[in-house]
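Data first, discussion second: the structure below is written as structure tokens.
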Number of protein chains: 2
Amino acid sequence: MKIDPNSPADLSAQIANAIRDAIIAGALIVDERLPSEAELSEQFQVSRSTVREALKRLAAQSLIRTQRGATGGAFVNRLSFEDAYSQQVTTSTLLLSMNAVSFDTACEARYALERACAPLSASRRSADQLATMRAEIFRQSQPGLTDEAFCASDVAFHRALVDGAHNPVLSYQLAGAVEAMQPLMNMITFTARDRAVILALHGRIADSIDSGDGDRAVAELTALEDETRKLAADVFARRATRAAQS
Amino acid sequence: MKIDPNSPADLSAQIANAIRDAIIAGALIVDERLPSEAELSEQFQVSRSTVREALKRLAAQSLIRTQRGATGGAFVNRLSFEDAYSQQVTTSTLLLSMNAVSFDTACEARYALERACAPLSASRRSADQLATMRAEIFRQSQPGLTDEAFCASDVAFHRALVDGAHNPVLSYQLAGAVEAMQPLMNMITFTARDRAVILALHGRIADSIDSGDGDRAVAELTALEDETRKLAADVFARRATRAAQS
DNA sequence: CTTTTTTCATTTGTCAGACATTTAAAAGTC
DNA sequence: GACTTTTAAATGTCTGACAAATGAAAAAAG
């Protein structure tokens, strides 16, 4: 681990990268304790503040955790799917909102990924996951549900579908795509008729998963994608009309 | 943005979260300049070091960038797909290595996601992306190629396939899955016969994409997945045998 | 001897103040 | 007007200090 004091990059960034690379390379293993801040500052020949800034950078990426006290210090963190999941959601959300990703693009990606899960979910889903899907469908059928609650239930439904594949890697990858779309989905106002159509599609998707028919689930998901895009197109068309009039 | 000095969490973490939430909520927009460190330390009633640690946390997530000098400061960063992409790769790599994700699980996720891209890629890929696929296939046919170089070319081939879908969200999501698997793939040693089989499958995939036949591309990808898993199974079986003998 | 309490050393968290470095704008010079 | 110099503002780094947490060792109690 070498540091160049004349590099344009901040010392704290260099140190953080050096430690991160050591973790990736396996030189530092999970739960291993890093040297104390005082020792690190001596090793790298920098002040303790600089070391601390480097450690905070790593902590922000869940690569280390710190503990105070006599036997405390910084420890290499086992990156859990949960940690990665929440980071993935914020990153994806910001990506969509900051880069003006169109609704169609996000929607296409989301359903393409979901269709990838459907066959696996159809053959593996637990009874519990199927029950969750049914429960969310029931919730969506309740009158008086706000649009936001409807969207939230929609996310829960699709998460159960994805988790049914019992592949944590897939669940992790999809989490961002599905949850990050929620702000976009929330722009849509659902009429009673819209909800009925979606509800019917959700029901048919659950039935397909229930009967283990992956191909049919894929087809129903495609139908749901078409429906979603049609709804969004209507919303944007109405907005454009209003904007032109005013 | 309120900070609780009695919270168990570090002040710097609280401040970082407050600023992050403001960015997500849109209260701070892209390229907007945050108050100077001195001003922030007064606003939050903490020392400048604490503010700095908070800012380093945000910088580690590419949420802000800092600039020195008279008109310098911390600016809200436009999170680019490239930034997110590299973070995604490191996170995915660590997830796989630290959580003992099986080769089969990772492989299944990867090919499921790739199959999701295939139909889109078949109908949209640019001539350039198809040329890249062909070029990588040619490179893979060269004798004397190391296993690592073969794997790297494999990644490039699949990236071209994915990018052919022309959906940045899909490319971003898949980047992690494909690149993070490279260390696992590198454990496999390819015999000349293995390479010939893979090469033939790559050729057929490229042909499918070329002719716009998404369904066939999906089928060929499935065949490639089967082949990859068979190779991996052989490797692990040989290892188990050697381990039992020694 | 065992259990409980106290003390203590270690380590992170926070603060205050200082200086170095970078940078662009303002002021000065020709 | 064009160029150079100065200046002010901001981040980057260093030093030293104290607070707070925490486990371990030492001391006290039974």
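A note on names: the letters A, B, ... follow the listed sequences, proteins ahead of strands, and every chain is numbered from 1.
Closest to the side chain of B:D10, out of D:dT13, C:dG13, C:dC15, is C:dG13.
Within residues 50-60 of chain B, the residues that place at least one heavy atom under 4.0 Å from DNA chain D are, in residue-number order, B:R52, B:K56.
Judged as a side chain to side chain contact (heavy atoms under 4.5 Å, CB included), and not counting sequence neighbours, the contacts of A:Q182 are A:C151, A:A152, A:V155, A:N186. Legend: residues meeting salt bridge (Lys or Arg N to Asp or Glu O under 4.0 Å) with B:R33, ordered by chain and number and at least two apart, are absent. Shown here are the side chain to side chain contact (heavy atoms under 4.5 Å, CB included) partners of A:A38, two or more places apart in sequence or in another chain: A:S36. B:D4 pairs by the salt bridge (Lys or Arg N to Asp or Glu O under 4.0 Å) definition with nothing, not counting sequence neighbours. Residues passing the ring pair (Phe, Tyr, Trp, His ring centres under 6.0 Å) test with A:Y85: none are found, sequence neighbours excluded. With sequence neighbours excluded, the residues that form a salt bridge (Lys or Arg N to Asp or Glu O under 4.0 Å) with B:R134 are B:D207, B:D210. Annotation: salt bridge (Lys or Arg N to Asp or Glu O under 4.0 Å) contacts of B:D10 (sequence neighbours excluded): none.
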Would you list the atom pairs, donor with acceptor, under 3.5 Å between side chains in residues 100-108 of chain A and any protein atom, with sequence neighbours excluded?
from, atom 1, to, atom 2, distance (Å)
A:S102, OG, A:T105, N, 3.1
A:S102, OG, A:T105, OG1, 2.7
A:E108, OE1, B:R124, NH2, 2.4
A:E108, OE2, B:R124, NH1, 3.0
A:E108, OE2, B:R124, NH2, 3.3
A:E108, OE2, B:N167, ND2, 3.0

List the atom pairs, donor and acceptor, that lie under 3.5 Å between side-chain atoms in residues 56-64 of chain A and the rest of the protein, sequence neighbours left out.
from, atom 1, to, atom 2, distance (Å)
A:R57, NH1, A:S12, OG, 2.6
A:S62, OG, A:Q87, NE2, 2.9

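Taking only side-chain nitrogens and oxygens, B:R48 never comes nearer than 4.0 Å to OP1 or OP2 of D:dA10. Side-chain N/O atoms of B:T66 include one lying less than 4.0 angstrom from OP1 or OP2 on D:dG12.
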Pairing string of DNA chain D (Watson-Crick or G-U wobble, both atom distances under 3.5 Å; | = paired to other strand) is ||||||||||||||||||||||||||||||
Test side chain to side chain donor-acceptor pair (under 3.5 Å) on A:S171 and A:D163 and set out the steps.
-> CA-CA 6 Å; A:S171 293; A:D163 287 342; 2.9 Å; yes
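The distance between atom CD of B:E37 and atom P of C:dC15, rounded to the nearest whole Å, is 14 Å. Between the CD atom of A:Q45 and the C1' atom of D:dT15 there is a distance of 15 Å, given to the nearest Å. Atom pair A:E42:CD and D:dC14:C1' shows a separation of 15 Å (rounding to whole Å applied). In this structure, A:I64 atom CD1 and C:dT11 atom P are separated by 16 Å, rounded to whole Å. Between the CG atom of A:L40 and the P atom of C:dT12 there is a distance of 8 Å, given to the nearest Å. Whole-Å rounding puts the B:R65 CZ to D:dA10 P distance at 17 Å.
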Could you encode protein contacts along nucleotides 20-28 of chain D as a string, one character per nucleotide from 5' to 3', using B for base contact, S for sugar-phosphate-only contact and - for no contact, with a heavy-atom cut-off of under 4.0 Å?
-> SBBB-----
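Using modelled atom types, one finds a donor on one side chain and an acceptor on the other under 3.5 Å when comparing B:S47 with B:T50.
Counting non-hydrogen atoms under 4.0 angstrom, A:S36 reaches the backbone sugars and phosphates but no base.
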